[in-house]
Amino acid sequence: MGENKTDVLRGTLDLMVLKTLETLGPLHGYGIARRIEQVSDKLLAMNQGTLYPALLRLEQRGWIRSAWGASENNRRARFYSLTRAGRRQLAAEARSWERMSAMMARVLAGDSRA
Amino acid sequence: MPNANERLREELQGHFEDLVRQYCTQGMDEADARRAARLKLGGADQIEEAWRDQRGWRWVGAAGRDARLALRGLRRSPGFAAAALLTLALGIGANAAIFSLAYQALLRPLAFPGAGQLVSLFSVAPATGRLKPTGPSTSYLTILDWRAQNRVFTDVAAYRDSGATLTGAGEATVLAGAAATPNLFSILGVRPLLGTAFTWDRVQRGTPVVVISERLWRSRLGADPAIIGRGVELSGQIFTVAGVMPAGFRFPFAGGGQDFWLPATQDPNFRDLMPRRGGHFMAAVARLRPGVSLEQAQAAMQGISARLARAYPKELGGWTALVRPLRDDVVGDARTPLLVLLAAGGLVLLIVCVNLATLLLARATLRSRELALCAALGASRGRLAGRQVVESLVLSALGGALALLVAEPTERALRFLLPAGLPPATGADVAAFGFAFAAAVIVGLAASLPPVLSSSRSDLAPALKTSGVAAVAGRHAGRSALVVAELALSTVLLIGAGLLLRSYSHLIATPLGFEPAPVLFTQIGLPKAQYSAPDQWTRFYDRALEAVRNVPGVRTAAICLDLPLTGGTANLGFAVAGQPAQPGGQGPSADDNPISPDYFQAMGIPLLRGRNFSTADTANSPAVAIVNQAFVHAYFPGQEPLGQQLVFGFQKSEAREIVGVVGDAKVATVGEAPTPMMYTPYPQDPWWFSMLVVTANTKPGALAAPVRAALGRLDPNLPVAPTPLSELLKQSLEAKRDQALLLILLAVVALVLALTGVYGVMSYSVSQRQRELGLRLALGASPAALLALIGRETVILAALGTGMGLAAALTLARFLAGLLYQTSPEDPLTFVAVGLGLMATAVLAALPPARRAAGVDPMTALRAE
């Protein structure tokens with residue numbers, strides 16, 4: 001992924017969106033935004049509107065797809081869902097995060113064995 | 001695009017309302033909730049902008065990745081890459097060269113400022129069938145009248161080719177030049193390098209002035225910076241240099257360029273002809289007034305001509321004016337061949353597309369498993385198609401780059417096709433590059449269609465499972481279409497090339513009507529300053545002939561005016577004595593050719609009837625004439641020409657009795673029909689200009705020096721350059737040969753492409769049926785039966801393809817008719833040869849893969865993939 005802050009943020013956001021969709025199933029933009037806020041414990045404060053270009057990017061990459069549907073309030077809303085490619089991407093990202101945090105843990109602990 | 005933004009706005013709106021409801025539920029009042037929601041959502045403009053940016057990046061990102069993948073793929077299959085790139089380089093390269101030539105000849109404006117506004121004016125006489133405008137066709141006085149009476153041109157100038165001998169500056173040399181009215185340069189918009197050129201009043205005052213070329217100034221006058229005002233001696237007369245034209249300036253276009261321009265009224269060659277309203281020997285160029293169209297100018301000039309014809313019925317009755325863009329004069333001859341070449345080039349491009357599509361299709365089916373996997377894992381059909389397109393584009397971009405390497409030397413080698421008058425173009429490289437680029441893109445897109453269509457139309461899943469014969473048959477149609485298309489296109493192209501080849505072979509085998517081999521010739525132009533009276537001309541030629549005959553090794557020496565293959569003719573109107581005279585322009589006309597008695601013998605032209613001229617035919621004996629067969633067919637069909645009297649003459653129009661008939665000799669160029677000609681004894685029809693013709697007992701070339709010496713003893717200042725006539729013949733054939741060569745080159749390219757294409761397509765088509773064949777074998781068919789099956793189907797396809805091609809060629813060949821010599825556009829030999837040849841190639845190409853497929857173990861075939 002990228003080196004600068006925006007890219008890290010973008011990548012993190014992408015991951016969170018994918019995870020949200022995996023956990024909750026197909027969801028509209030508002031729902032995704034709400035869930036991310038809840039889960040990140042308000043740490044990831046952002047303008048919720050910036051979610052939409054990110055959703056577009058994910059769609060362009062082929063990791064999610066979208067379709068019109070009816071929300072709980074019976075309004076027309078665009079629902080996003082995970083594709084198989086997206087599922088694979090999520091799994092791959094999750095693995096790489098795990099590996100990275102395990103490595104960081106070892107480094108920070110100053111393990112004499114390393 | 002508007003739909004996508006609509007979608008975003010709708011989503012944002014919905015999101016906003018959800019947020020408002022959320023805050024209201026949490027206890028805020030309506031107004032606060034709305035404000036909070038707006039804050040939370042963020043600025044709509046920023047969001048929309050970020051959204052739009054993201055949309056834009058989609059293509060770039062994906063395309064870049066696909067391109068890198070495509071390059072890697074090419075490196076892994078060098079055979080495929082080589083075949084594809086070679087096809088592209090050859091096809092596009094040849095086309096870029098042709099297109100560049102066509103661009104220079106047809107599209108690029110002439111090198112003068114505002115050249116689009118320049119027109120040529122001609123006089124034509126519709127009643128006599130003289131409709132085709134040819135070079136100088138109007139009298140000086142008429143052009144002056146056109147200039148005075150019109151309101152559609154800013155100015156009108158008269159001009160024509162001229163010649164003079166430069167003396168007093170080293171060796172006497174013949175120079176080519178032009179005679180023109182003083183406004184020629186201002187009309188063309190070209191200013192002299194030095195000096196001020198002509199002005200009307202300076203010319204009127206009578207001081208002889210001349211404008212010279214930069215080439216002459218540099219090579220013979222030492223590039224003297226004080227040249228203006230100096231005198232140069234032309235044909236024995238001193239002219240003051242009034243200006244030097246810039247290097248490369250040339251007008252009129254034909255020929256090798258001019259070294260001098262004289263005011264028309266001061267050129268000794270034509271000075272005396274100026275007052276003759278009936279002499280059609282000047283050409284005219286004019287500049288259209290801004291806002292005036294060609295049609296308007298044409299109408300106006302026709303009106304003026306009608307007025308003039310009424311005022312001068314004898315000289316101008318029946319004549320009218322024709323206005324044509326100046327460009328047509330330059331391009332004229334080359335237009336048809338170039339258009340044919342462009343069409344041929346287009347066909348070659350099509351063949352390249354089909355070849356490339358075949359290669360890509362073959363490759364795609366090899367990778368069909370990989371593609372199916374991609375699709376199964378979620379890649380959309382659009383993405384796959386996009387990837388195919390990018391692959392083709394990458395390939396054709398590389399091919400296009402290679403093509404440029406091929407195009408440059410090809411174009412340089414083919415430059416001879418351009419009419420000699422055009423200066424080399426500066427923008428041609430850009431044009432060629434642009435064309436190659438555009439062609440590469442088009443070819444890439446077109447060639448990627450079949451693979452894209454075949455991969456998106458068919459369900460990719462069956463490629464992974466076993467499939468029956470039926471499923472495979474669906475793709476059969478596409479492959480068959482390719483075979484048919486390849487064969488049809490190749491047929492058309494090869495037939496075109498074949499026809500032109502036959503035409504050329506007829507051309508070089510044509511009898512000329514005379515024996516060119518042992519003949520030496522030289523131009524003799526007597527300068528008016530020293531030889532002003534017609535009897536001086538006659539006396540000079542008498543002495544010249546005698547002097548040359550005394551040179552050892554000379555068999556015959558003769559003179560004439562129009563020498564075959566030199567293109568110069570003097571066309572005069574004539575009347576048959578006893579028939580009522582018709583006003584000028586409406587009567588018959590033929591070429592007048594004053595000769596000496598030995599001329600026919602020297603040229604090997606047979607005397608068919610009556611008698612030849614002799615030394616007894618002098619200026620004082622009864623006026624006689626001899627005509628050729630073409631003349632008899634045209635004007636005395638079925639009648640007895642001997643004894644008839646023709647009234648014509650250049651210096652003096654008088655009645656001449658026809659005393660003989662001779663065979664026809666080719667006039668201007670090989671491949672032209674002979675024109676009616678009237679021969680006269682030169683003492684009875686004197687010209688200051690003539691051609692001396694010498695035949696030798698040995699090689700004519702060896703006589704050049706002694707002949708020149710003999711003539712030099714008569715007049716040391718007279719430049720003569722004895723040349724073997726075979727040189728002229730070679731040049732005349734060269735032009736036609738060059739055209740033929742170009743088309744042969746294109747045909748060879750087409751043949752190579754066609755053969756490899758047909759082979760590739762058949763090969764691919766048959767190998768694709770391995771599964772089906774295996775199935776048949778397993779079901780009990782014998783290998784022989786399989787071969788027969790494939791053979792039968794191949795023959796049907798080949799017949800269909802070549803049949804379509806032959807039909808198309810029959811309709812299109814008509815356009816070639818103008819270029820063909822003694823060859824019919826429906827020449828059966830060519831059609832049959834090409835048709836059978838291509839069919840044979842197609843069937844032969846199908847054999848190896850068919851045999852392989854038929855010999856394969858059925859279980860292997862079924863398991864294959």
Side-chain angles (χ1 to χ4, degrees), chain A residues 2 6-7 9-10 13-14 18 27-38 42 44-92, chain B residues 1 3-26 36-66 373-384 386-387:
Chain A
T6 331
D7 282 354
L9 233 51
R10 236 188 248 156
L13 183 58
D14 288 355
L18 291 177
L27 204 51
H28 47 50
Y30 168 67
I32 298 176
R34 191 131 186 239
R35 166 75 178 180
I36 290 182
E37 257 193 17
Q38 288 171 351
K42 304 272 173 54
L44 197 63
M46 59 167 188
N47 282 338
Q48 288 190 346
T50 59
L51 193 58
Y52 287 94
L55 286 172
L56 178 62
R57 190 172 59 245
L58 289 171
E59 205 173 353
Q60 287 174 345
R61 286 252 178 88
W63 294 338
I64 63 175
R65 68 169 78 88
S66 67
W68 288 111
S71 76
E72 344 33 281
N73 307 312
N74 238 353
R75 74 166 169 91
R76 196 163 103 108
R78 191 101 185 158
F79 279 81
Y80 296 87
S81 54
L82 211 51
T83 64
R84 230 173 305 176
R87 247 176 253 281
R88 276 186 303 150
Q89 179 72 13
L90 186 56
Chain B
M1 230 56 69
N3 284 333
N5 288 353
E6 291 284 304
R7 169 189 141 181
L8 176 65
R9 265 182 235 126
E10 203 178 331
E11 284 194 78
L12 285 175
Q13 183 64 26
H15 195 141
F16 176 74
E17 280 162 25
D18 284 342
L19 275 172
V20 170
R21 199 171 300 118
Q22 176 190 333
Y23 290 144
C24 286
T25 330
Q26 285 169 358
R38 207 166 294 282
L39 264 172
K40 191 75 198 176
L41 200 52
D45 296 323
Q46 280 165 313
I47 297 171
E48 270 186 46
E49 202 184 313
W51 165 280
R52 262 194 297 258
D53 281 342
Q54 187 61 40
R55 276 191 79 81
W57 278 115
R58 171 191 195 165
W59 295 109
V60 175
R65 250 171 300 149
D66 288 342
L373 261 174
C374 283
L377 290 176
S380 75
R381 219 165 275 172
R383 280 298 314 284
L384 283 180
R387 199 178 295 179

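The basis for the numbers below is simple: all heavy atoms, side chains too, and nothing from hydrogens, waters or symmetry mates. So you know, we letter chains A, B, ... as the sequences are listed, proteins then strands, and number each from 1.
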With a 4.0 Å cut-off on N to O distance, would you call A:Arg76 and B:Glu10 a salt bridge?
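Answer for the salt bridge query: yes.
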Quick test of your reading of the model: are B:Arg21 and A:Glu72 salt-bridged, counting only N-O distances below 4.0 Å?
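No, this pair does not count.
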Of all heavy-atom pairs between A:Ala33 and B:His15, which one has the smallest distance, and what is that distance?
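Shortest heavy-atom contact: CB-CE1, 4.0 Å.
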Atom of B:Trp51, atom of A:Leu56 and distance for their closest heavy-atom approach
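Heavy atoms of B:Trp51 and A:Leu56 come nearest at O-CD2, 3.6 Å.
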Under the criterion side chain to side chain contact (heavy atoms under 4.5 Å, CB included), I'd like the reasoning laid out for A:Trp68 against B:Arg7: C-alpha separation, chi angles, the key distance, then a yes or no.
CA-CA 10 Å; A:Trp68 288 111; B:Arg7 169 189 141 181; 3.7 Å; yes
Pick one of side chain, backbone, both or neither for A:Arg65, based on which atoms fall under 4.5 Å of a heavy atom in chain B.
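When you check distances to chain B, no heavy atom of A:Arg65 falls under 4.5 Å.
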Between A:Arg78 and chain B, which part of the residue has a heavy atom less than 4.5 Å away: side chain, backbone, both or neither?
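Both backbone and side chain.
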Any idea which of [options] has the most non-hydrogen atom pairs under 4.5 angstrom with chain A?
| options | result |
| --- | --- |
| B:Leu39, B:Ile47, B:Leu12 | B:Ile47 |
| B:Gln22, B:Gln13, B:Gln46, B:Glu48 | B:Gln22 |
| B:Gly42, B:Gly43, B:Ala50, B:Gly14 | B:Gly14 |

Could you measure the distance from the CD atom of B:Glu11 to the CZ atom of A:Phe79? Nearest 0.5 Å is fine.
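It comes to 10.5 Å.
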What distance do B:Asp18 atom CG and A:Arg34 atom CZ have between them, rounded to the nearest 0.5 Å?
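So the gap between those two atoms works out to 9.5 Å.
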